[in-house]
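Read the structure below first, then the notes.
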Amino acid sequence: MGAAGTDSFRRQHSCVAVLVALIVHQASGQGSALQTYPVDWSAVPLNPPTSRNLTTSCNCDLLNVGCSFGCCCDSKCPAAVTNLFQSDGICLPSGTEQQTLRYCVPDGFVYKVNLPASTDFFVQPVEQADNAKFLSQLLCIVSDKNPNVGDTYPDPQSGNTGDNAKLAQCPAAASPPSTPVQYAFQSIVQIYAAGSSAKQPFTVPYPAFSSMCNDQFAVGYLVPTPTGNRDYYATCERDLKTLNLSVACSGFGILTPQFYSEMRILTGQGSSSVAPVTTVSVQYLDPVTGALSTRASNATSKYNATSGLCSNIVRYLNMTLYYTYADPYGFIDKVELTLVLTDILVSNSPLLQSVRVSWIDSSQAASVQFVSSGNPGYINGFPVLAGTQVTDPSGAVAIQRLVSGMPVPTPGPNGLCNATSFGTVKYGVNFTSSCSISLTALQLKEFCINQTNQPEKYLRLAMPTLLLSIENGSLYLGEWGDADFSNINDWVQVSVSGVPFNETVPIYSEADMACSGLVIGFDLQIVTGVAFSSNNLQQKVLYAKLCFTTGVWDIPDQLPETTPNRFFLKFNVSFIRLPQQAVSVKKPAPPLVVPLPADIFYPFVISDSAAGASRLCIAIVVLAAAALSLALQHF
Ligand SMILES: *[C@@H]1O[C@H](CO)[C@@H](O)[C@H](O)[C@H]1NC(C)=O
Ligand SMILES: *[C@@H]1O[C@H](CO)[C@@H](O)[C@H](O)[C@H]1NC(C)=O
Ligand SMILES: *[C@@H]1O[C@H](CO)[C@@H](O)[C@H](O)[C@H]1NC(C)=O
Ligand SMILES: *[C@@H]1O[C@H](CO)[C@@H](O)[C@H](O)[C@H]1NC(C)=O
Ligand SMILES: *[C@@H]1O[C@H](CO)[C@@H](O)[C@H](O)[C@H]1NC(C)=O
Ligand SMILES: *[C@@H]1O[C@H](CO)[C@@H](O)[C@H](O)[C@H]1NC(C)=O
Ligand SMILES: *[C@@H]1O[C@H](CO)[C@@H](O)[C@H](O)[C@H]1NC(C)=O
Ligand SMILES: *[C@@H]1O[C@H](CO)[C@@H](O)[C@H](O)[C@H]1NC(C)=O
Ligand SMILES: *[C@@H]1O[C@H](CO)[C@@H](O)[C@H](O)[C@H]1NC(C)=O
Ligand SMILES: *[C@@H]1O[C@H](CO)[C@@H](O)[C@H](O)[C@H]1NC(C)=O
Ligand SMILES: *[C@@H]1O[C@H](CO)[C@@H](O)[C@H](O)[C@H]1NC(C)=O
């Protein structure tokens, strides 16, 4: 058994994890509320910096705290976990690596090196020779022209000598594998379920193999959900008609917050102690207006069999597990829980449930975990960061970041517009979306004749808070994929045309049975550009313009006045690339002269020091070597 056995076990599991992550991408990312990250004012300076450093070589590190799964250059990942990513071949693209150079002299003799892909000179010792070998290693043999006569092997001795016997040994007697007290990477996290004392795997609702919630999806130690950073949550649909709601929506039922908050997570798989679970925040999502409000952390669910209403059930689950890991095993120290609850009528099934499980090293400072869409430039297909500008009484300005990025209304239940149903604008992806409003001919007519002061009425129903922040000019987009909430200079304000809405007035035409002059959507144009050196281009948002569009809603002639008809709101998002001309940059020539010590002419002033003479001698040799290596670089 031993190391080889566990290794192949781990490999199989990470393959499964990656496979599941691929399947899930299609299902997640729709149907979100406008959740925001909390603003930590203590991190917001009054005068944030205006310039930024674009030097980067780890593009996949998208979390400010915690290890980005599969990111082999992320210094926040335990070394052993990075090794597993590497041996499983799941390393994500990390960007251009810093160029390195092998040279045969000690690094103290090399002053600066001019490497083609770096914008500056730097010294990076890779293979140092020791001082004694300095002269013999001054020149290295790059290739030689001696004829090669091929490899020969000396005849090895036979019999029980040397390593012969070691290579043919009887296998050790098989012994049953023992379960360590701790967790190994990817081993299944164990819990005692709420109100039970039986040990069982920790499962979360997850869209494995279809968009329906699968309750058999077990969480692996140090494996986040979702596995990548493109989406904050993995979202699945739950068919309420298959559940006994008087059980699922009350007590410790599967839809209740107590199912998670009263769960006891074992600190190790063979351990008997449990990690404390802290409920950090509980919010309530109003299913009609999409507004979020704070709830007590002990809020409980209820089921009303008469009306078929399940109240206070889990819509969003954000679980953060803090760990300590020493290769190859580790523990879970504590658990933090953030929940968003909502109400749903059985007739509005399916219920969407969104889940996030993340892992943070206990030794890392406790702070809000943010997910970026690039480091620093945007990655194509990742959410465009968005947020509203907020001001502290002290005058500091920050961005309250929307968790899922820039929202666009998408169809909710039955294709209708719904204030809780939003998709996300993904960088570089042109996107059109529409949702419908159901009105009878009479309702439309009444609106068009008697409510002419609010042409945007139906748009406001679909996106109440988003429309407010667009109107009052507080909506911003992140310039860079890692725009910092505490630095307003990393964000660009969305320019808006078409507000206030008093410029257009709905007009009803009796002849055409049509209402014109309605505000029926928006067109968001995002201008993008690239920056930095040609071998490591970084993409950014330069400008954003949101134009409200007006249109006509026609009532089909043959339709009876009291039959509901669908009218559509439409949303367009397009990315326009700024035409850019590359600037050709020539590096300055590397310095030809090694800076010499001030006392370089010392022996000529005081003559009897042999040591001084040999130092000068070395300095001259180094000068020669530097010139020679320069000359060689040009060939
Ligand atoms: C930019 O960041 C790189 C890598 O973190 C660092 O080596 C370099 O010194 C920084 N440059 C400036 C001007 O801060
Ligand atoms: C649901 O569960 C409750 C309690 O266990 C039980 O009394 C009831 O009959 C169940 N309802 C259905 C439809 O199975
Ligand atoms: C949105 O859908 C929910 C059901 O998921 C429903 O209760 C709510 O009334 C809908 N909101 C609007 C504005 O239609
Ligand atoms: C929740 O906690 C508050 C005090 O923190 C208490 O007054 C209330 O009764 C609790 N509610 C439930 C349902 O336990
Ligand atoms: C259950 O719903 C019905 C119908 O809406 C309502 O009359 C009743 O008061 C509700 N029961 C409870 C316990 O809230
Ligand atoms: C999720 O939980 C972590 C840890 O408690 C917290 O930093 C983060 O802000 C939470 N995310 C949201 C959207 O509330
Ligand atoms: C508009 O409002 C007036 C007064 O409230 C009402 O008499 C009239 O019927 C309404 N028009 C339509 C088309 O509903
Ligand atoms: C702008 O609208 C947002 C709603 O998204 C609100 O929270 C904020 O207070 C408003 N700001 C101003 C200056 O009215
Ligand atoms: C629209 O409202 C703005 C400010 O409320 C006002 O300045 C403008 O004159 C109004 N325009 C029309 C056409 O009424
Ligand atoms: C969306 O874009 C399409 C094609 O570019 C255009 O035909 C349509 O009018 C646009 N719709 C809106 C609401 O801007
Ligand atoms: C997105 O739309 C813009 C403007 O219509 C167009 O210039 C651009 O080529 C489109 N991009 C893609 C990827 O289709």
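As the structure lists them, so they are numbered: ligands from 1, and atoms in each ligand from 1. Quick caveat: nothing in here was measured; it's all calculated off a predicted structure.
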(request) Could you list which atoms of ligand 6 come closer than 4.0 Å to a heavy atom of T338? (result)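 By the 4.0 Å cutoff, the relevant atoms are 1 (C), 2 (O), 14 (O).
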(request) Could you list the atoms of ligand 11 found under 4.0 angstrom from a heavy atom of N430? (result) 1 (C), 2 (O), 3 (C), 8 (C), 10 (C), 11 (N), 12 (C), 14 (O)
(message) So, regarding T36 and ligand 6 (criterion: nitrogen or oxygen to nitrogen or oxygen, under 3.5 Å), is there a contact or not?
(response) no
(request) For ligand 6, find out whether one of its N or O atoms is nearer than 3.5 Å to an N or O atom of E336. (result)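 It does: an N or O of E336 is found under 3.5 Å from an N or O of ligand 6.
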(request) Could you verify whether a donor N or O on one side chain and an acceptor N or O on the other, from S574 and N430, lie under 3.5 Å apart? (result)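 Short answer, no.
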Considering only non-hydrogen protein atoms, determine which one is nearest to [atom] and report residue, atom name and distance to 0.1 Å.
atom: atom 4 (C) of ligand 6; value: T320 OG1, 3.1 Å
atom: atom 9 (O) of ligand 6; value: V368 CG1, 3.4 Å
atom: atom 13 (C) of ligand 6; value: V403 CG2, 3.5 Å
atom: atom 6 (C) of ligand 5; value: N304 ND2, 4.1 Å
atom: atom 12 (C) of ligand 6; value: N318 ND2, 3.3 Å
atom: atom 7 (O) of ligand 6; value: Q369 N, 3.1 Å

(request) Could you tell me whether D361 and K76 have a side-chain N and a carboxylate O separated by less than 4.0 Å? (result)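 Looking at K76 together with D361, the answer is no, because their closest N to O distance does not fall below 4.0 Å.
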(request) Decide, yes or no, whether a salt bridge links K540 with D490 under the criterion of side-chain N to carboxylate O below 4.0 Å. (result)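 Looking at K540 and D490, the cut-off is not met.
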(message) Any atom of ligand 6 sitting under 4.0 Å from a heavy atom of Y232?
(response)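 True for this residue.
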(message) Strictly distance-based, threshold 3.5 Å: is any side-chain N or O of T203 a donor or acceptor partner for the main-chain N or O of F217?
(response)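 Pair absent, no side-chain N/O of T203 close to backbone of F217.
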(message) I'd like the name of whichever of S307, G308, S311 reaches closest to atom 5 (O) of ligand 5 through any heavy atom.
(response)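 Result: the heavy atom closest to atom 5 (O) of ligand 5 is in S307.
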(message) Any nitrogen or oxygen of S574 lying under 3.5 Å from a nitrogen or oxygen in ligand 11? Just yes or no.
(response)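 No.
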(message) Would you say NZ of K545 has more than 12 non-hydrogen atoms from neighbouring residues, nucleotides or ligands within 6.0 angstrom?
(response) yes
(request) Please tell me if the side chains of N59 and I379 come closer than 4.5 Å, counting only heavy atoms from C-beta onward. (result)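 No, side chains not in contact.
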(request) Taking the six-membered ring for Trp and the full ring for Phe, Tyr or His, determine whether the centres of Y325 and Y183 are under 6.0 Å apart. (result) no
(message) Just to verify, which of W41, F370, Y37 counts as forming a ring-ring contact (aromatic ring centres under 6.0 Å, His included) with F485?
(response) F370
(request) Show your reasoning for whether side-chain contact (heavy atoms from CB on, under 4.5 Å) applies to F571 and L459. (result) CA-CA 11 Å; F571 307 93; L459 188 66; 3.6 Å; yes
